[in-house]
Protein chains: 2
Amino acid sequence: MNGAHKREFKDQLFEQFARIGKSVANGHRLEILELLAQAPRTVEDLAREAGLSVANASQHLQVLRRCNVVSVKRNGLYAYYGLASEDVLTLCRVLRRLGEKHLAEVQRLVDAYLTSRQRLEPISCEELLRRIREKAVWVLDVRPRQEYEAGHIAGARSIPLAELKARLKEIPRRKQIVAYCRGPYCVFADEAVAVLSSRGYRAVRLREGFPEWKSRHLPVEAGPGVP
Amino acid sequence: MNGAHKREFKDQLFEQFARIGKSVANGHRLEILELLAQAPRTVEDLAREAGLSVANASQHLQVLRRCNVVSVKRNGLYAYYGLASEDVLTLCRVLRRLGEKHLAEVQRLVDAYLTSRQRLEPISCEELLRRIREKAVWVLDVRPRQEYEAGHIAGARSIPLAELKARLKEIPRRKQIVAYCRGPYCVFADEAVAVLSSRGYRAVRLREGFPEWKSRHLPVEAGPGVP
DNA sequence: CGATTATTCAATAGAATACTTGAGCATTTG
DNA sequence: CAAATGCTCAAGTATTCTATTGAATAATCG
């Protein structure tokens, strides 16, 4: 292989890898991937949750599909999109770590939007696991039911944030409550902790979300769970 | 935090993480990062090695610098660029794994440009480490000297590919030779193995390159090494 | 100091991307 | 079968990205 061929090979190879880079070079696509990390979804659901028009969401999904980072399964009228592999999540997580580490703007945003009270003492996955084993904790999944059913921390109960105030009586007063949601920047758990704390429950949030828990191969379940 | 604020927060946060994505959304930038993973370099060196004009390379470096994935240290007339952190390498590696897994084009390129003979039985880092401990192998770094000096596999000798034919007599005839270079898609080691094999040496290549070896915390050295 | 060198900057043209609108297609429902 | 639904596609426009050119800057050398 001579110089010109080497150049051509390298250029084409790096261009291919850059295609994967391009797929995560847009905020809306990152949000779509984060949503898909919770549970497969239809285009309409994704569009609504990410604040996009359906056509626009569909286009972003096509971009992701063209480099096979998402998969699609058609079922009747609906197209269910999902992540193509666990590696896609890894990519998003590395991106997040780099952002936290190297972009001052990220810290600024967190400081600006999340009040310090909301960020009080979250616990880690390891700590939660320890407390679950000691049966010293009541684990609460505050994501939408669909996401809970697609997979949740083993033993966790589901009370979507929207229903929380109406279902307080299901929650034990004595035990410590650990609420979790989609990930470290999702505010569902923060808001749940705020509601519970103000009602006198002992509640904290899990720092991470379900995808992180799962990717560490900690115990998970799927399905409707306990009532 | 109400709905509109949530939306704003999410949009801005994901946009920040997407900035990191944008930094790896271009083949030339990926090549630059791969080069920087070997050793810090000046703009001119990078431009030459990546086949770019100096101004263009400089612009790409500015893009990388704006999101702090590369660092720069000025020394007299020269600006030495380097990777900002180990995480940047992780990002590149995840991108590569996803590309290999999900883009058929990558396999097609490898098949088209690398002859099967060049890809014969590379050995893994673990295997190499085992053989080094048994002193059953002579490890050869065929990267440019500058990269060798910035860091190499502990005990490896440096013979840059360009000098290999002239320095064959330094290489032992009896021992097995393991040549390594920048990474799995770098052809330096392939070509070295081809040269050595045709001269009757027993030579194979390491599947990975030095950055992968280092990131696994296997033994490394830096400096001029043994003569 | 003026010339040289390495790098960056500014301006530009052309390519690619993002979002909207409205139409089109396939499947299901009444 | 017609209407409704969920999704995709095509076209148009605004924006962003890329590479080139030539000038500007800044450190070094004679």
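Residue numbers start from 1 in every chain, and the chains themselves are labelled A, B, ... in the order their sequence lines are given, proteins ahead of strands.
- Summarising the geometry, atom CD1 belonging to B/Ile153 is positioned 10.5 Å from atom CG belonging to B/Leu140; distances are rounded to the nearest 0.5 Å.
- Here A/Glu147 pairs with A/Arg41 in a salt bridge; the nearest charged N to carboxylate O distance falls below 4.0 Å.
- The interatomic distance linking A/Glu31 (CD) with C/dA18 (P) rounds to 15 Å, in whole Å.
- You'll find that the side chain of B/Arg29 is closest to D/dT18, out of D/dT8, D/dT18, C/dC19.
- Atoms CG (A/Leu30) and P (C/dA18) sit 11 Å apart, rounded to a whole Å.
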### Query
Should B/Arg108 and B/Glu105 be marked as a salt bridge (charged side-chain N to carboxylate O under 4.0 Å, His left out) after you check the CA-CA gap, both sets of side-chain angles, and the distance that decides it?
CA-CA 5 Å; B/Arg108 202 195 60 72; B/Glu105 184 70 5; 3.0 Å; yes

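- For residues 146-169 of chain B, the set of pairs meeting the ring pair (Phe, Tyr, Trp, His ring centres under 6.0 Å) definition, not counting sequence neighbours, comprises B/Tyr148-B/His152.
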Step by step, would you call A/Tyr185 with A/Glu100 a side chain to side chain donor-acceptor pair (under 3.5 Å)? CA-CA 11 Å; A/Tyr185 296 106; A/Glu100 289 164 351; 2.6 Å; yes

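- Summarising the geometry, the separation between CG on B/Leu52 and P on C/dT8 is reported as 14 Å, rounded to the nearest angstrom.
- Distance A/Glu44 CD to C/dT27 P: 18 Å, rounded to the nearest Å.
- Remark: C1' of C/dT17 and NE2 of A/His28 are 12 Å apart, rounded to the nearest angstrom.
- Atom CZ in A/Arg19 sits roughly 15 Å away from atom C1' in C/dA16 (whole-Å rounding).
- Within residues 55-65 of chain A, the residues having any heavy atom under 4.0 Å from DNA chain C are, by residue number, A/Ala55, A/Asn56, A/Gln59, A/His60.
- Of the residues in residues 66-80 of chain B, B/Arg74, B/Leu77, B/Tyr78, B/Ala79 come within less than 4.0 Å of DNA chain C through at least one heavy atom, sorted by number.
- Classification of A/Lys101 and B/Glu86 as a salt-bridged pair fails, no side-chain N sitting under 4.0 Å from a carboxylate O.
- Counted within 6.0 Å of NZ on B/Lys6, heavy atoms from surrounding residues, nucleotides or ligands total more than 12; the atom is thus considered enclosed.
- Note: CD (A/Glu15) to P (D/dC17) measures 17 Å, nearest angstrom.
- By the 4.0 Å N-to-carboxylate-O rule, B/Arg93 lies too far from B/Glu208 to be salt-bridged with it.
- Remark: A/Arg182 CZ to A/Phe188 CZ distance equals 4.5 Å, nearest 0.5 Å.
- Separating the NZ atom of B/Lys22 from the C1' atom of C/dA16 is a distance of 12 Å, rounded to the nearest angstrom.
- The shortest distance between the side-chain N/O atoms of B/Asn26 and the OP1/OP2 oxygens of D/dT18 is below 4.0 Å.
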